[in-house]
Amino acid sequence: MPTDASPRQTRPARPLTLAYVPGVTPGKWIGRWTERQDRELHSYQCGEDTVFDELRAGRADLVFVRVPEEGFVRPPDLSVIALYEERPVVAAAKDSAVAAFEELDLADLAGEILLDLQDMGGADVGMEVVASGAGLLVLPMSVAKLYSRRDVVARPLTGFPATRIAVAWLEGSEDAGIEEFVGIVRGRTANSSRQPSVQEEQKTTARQRTKERQSRSGEKAGSGGKPASKSTGRPGARGSAGNKAGGAKGGKGGKSGKPRRSR
């Protein structure tokens with residue numbers, strides 16, 4: 001049977017799991033996590049229409065999701081923090097008139113066939129349709145770069161609603177790793193007092209210092225016992241002014257101090 005003196009064996013924390021939609025490149029944040037934390041982190045790409053399902057099913061602890069710049073309503077069971085805005089582009093066949101422009105406005109596309117990204121079943125299929133010359137496709141620049149093709153051009157587009165990348169997790173989650181990773185994403189340094197790992201280290205240091213002070217106090221008390229009281233006078237001196245006054249005349253020869261008879 002294990003005794004109190006036997007060392008405790010702690011189970012390693014399970015890996016933190018991260019899912020992200022196409023166009024997000026979490027490599028820099030994962031790298032910082034690896035530099036600061038011993039806990040493993042697993043990541044995988046998922047579809048935009050299923051990203052929240054990954055959270056609710058417990059397959060992911062955090063997700064990077066794409067949301068509208070305006071009009072997004074946060075689901076009540078999720079915590080969501082917006083991170084950065086994505087610029088929209090219009091993708092067109094390389095030999096189309098779009099290729100002659102460096103930037104376009106949505107009004108410039110009047111009369112053109114605009115394909116729906118969701119109807120295409122994803123950006124990869126949508127870019128193939130665009131390459132055939134069947135229409136134009138508006139999508140985030142990061143997604144256009146991810147699925148870029150030599151026979152397709154992409155030009156910045158103004159006047160079109162932008163999107164934003166956000167990080168989300170289940171409301172009320174008690175996993176400290178989630179807040180730790182969110183802090184990394186938001187740019188907190190390794191020594192930031194808002195990071196859970198730093199806060200825990202500070203608590204551990206404070207407890208250790210308290211134990212050391214208590215240990216030193218116990219050693220002092222055990223080595224000398226109770227401290228001796230300070231002397232208020234010379235050795236052998238009487239303890240009070242009243243004793244001095246009462247023994248002033250009768251101190252020599254032990255006289256009783258009775259009054260003399262008058263003759």
Side-chain angles (χ1 to χ4, degrees), residues 16-30 33 41-91 104-107 109-110 113-127 129 135-147 154 156-188 192 194-196:
L16 191 71
T17 306
L18 169 69
Y20 57 93
V21 297
V24 178
T25 53
K28 62 179 180 180
W29 299 312
I30 294 175
W33 170 274
L41 190 150
H42 296 168
S43 62
Y44 64 95
Q45 182 176 292
C46 65
E48 294 193 36
D49 56 341
T50 62
V51 62
F52 286 143
D53 295 336
E54 299 300 302
L55 277 179
R56 296 184 176 112
R59 290 186 290 269
D61 299 303
L62 301 106
V63 296
F64 285 106
V65 60
R66 181 171 287 109
V67 298
E69 174 68 18
E70 298 180 0
F72 172 71
V73 179
R74 180 184 65 83
D77 61 333
L78 301 180
S79 295
V80 182
I81 295 179
L83 300 175
Y84 60 89
E85 181 181 333
E86 295 183 300
R87 190 173 186 183
V89 298
V90 55
L104 295 98
D105 187 82
L106 184 60
L109 304 182
I113 299 176
L114 295 180
L115 304 173
D116 187 281
L117 188 60
Q118 292 184 349
D119 291 343
M120 296 295 100
D124 52 346
V125 176
M127 294 294 267
V129 177
L136 308 179
L137 186 63
V138 179
L139 68 173
M141 181 181 291
S142 60
V143 179
K145 289 182 177 180
L146 180 63
Y147 297 104
L157 182 66
T158 59
F160 191 86
T163 54
R164 183 174 288 273
I165 294 297
V167 61
W169 63 96
L170 287 177
E171 184 77 22
S173 175
E174 297 181 355
D175 191 332
I178 293 176
E179 186 177 349
E180 189 78 26
F181 189 83
V182 171
I184 291 175
V185 172
R186 301 186 74 178
R188 295 176 191 163
S192 173
R194 300 183 65 183
Q195 289 294 82

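In terms of heavy-atom proximity, Ala82 sits nearest to Ala166 at CA-CB, 3.8 Å. Closest heavy-atom contact between Ser142 and Glu86: OG-OE2, 2.8 Å. Pro22 approaches Glu48 most closely through the heavy-atom pair CD-CG, 4.3 Å. Minimum interatomic distance between Tyr147 and Gln45 (heavy atoms only, all atoms of both residues): OH-NE2, 4.0 Å. When all heavy atoms of Val138 and Pro88 are compared, the closest pair comes out as CG1-CB, 4.4 Å. Here the shortest heavy-atom pairing between Val21 and Gly47 reads CG1-O, 4.4 Å.
Side-chain contact between Val89 and Leu139 is present, with heavy atoms from C-beta onward closer than 4.5 Å. Proximity of Trp169 to Ile81: side-chain heavy atoms (C-beta onward) are separated by under 4.5 Å at one or more points. The shortest side-chain heavy-atom distance between Leu157 and Leu109 falls under the 4.5 Å cut-off. Between Glu69 and Pro161 there is no side-chain heavy-atom pair separated by less than 4.5 Å. Proximity of Thr25 to Leu146: side-chain heavy atoms (C-beta onward) are nowhere separated by under 4.5 Å.
Rounding to the nearest 0.5 Å places CZ of Arg87 at 8.0 Å from OG1 of Thr158. Atom CD of Gln118 and atom CG of Asp49 lie 7.5 Å apart (nearest 0.5 Å). For the atom pair CD of Glu180 and CG of Asp175, the computed distance is 10.5 Å after rounding to the nearest 0.5 Å. Here CD1 of Ile178 is found 10.0 Å from OG1 of Thr17. Values are rounded to the nearest 0.5 Å. Taking CG of Leu55 as the reference point, atom CG of Asp77 lies at 8.5 Å (rounded to 0.5 Å). One finds the CD atom of Glu179 at 12.5 Å from the CD atom of Glu174 (value rounded to the nearest 0.5 Å).
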Leu16 vs Trp33, test: side-chain contact (heavy atoms from CB on, under 4.5 Å). Steps then yes/no. CA-CA 10 Å; Leu16 191 71; Trp33 170 274; 3.8 Å; yes

Leu78 vs Arg56, side-chain contact (heavy atoms from CB on, under 4.5 Å): CA-CA, chis, key distance, verdict: CA-CA 9 Å; Leu78 301 180; Arg56 296 184 176 112; 3.9 Å; yes

Verdict with reasoning, Ile165 to Arg66, per side-chain contact (heavy atoms from CB on, under 4.5 Å): CA-CA 5 Å; Ile165 294 297; Arg66 181 171 287 109; 4.0 Å; yes

Between Tyr44 and Arg59, is the side-chain contact (heavy atoms from CB on, under 4.5 Å) condition met? List the steps. CA-CA 10 Å; Tyr44 64 95; Arg59 290 186 290 269; 3.8 Å; yes

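For the ring pair (Phe, Tyr, Trp, His ring centres under 6.0 Å) test, residues two or more places apart in sequence or in another chain that qualify with Trp29 are Phe64.
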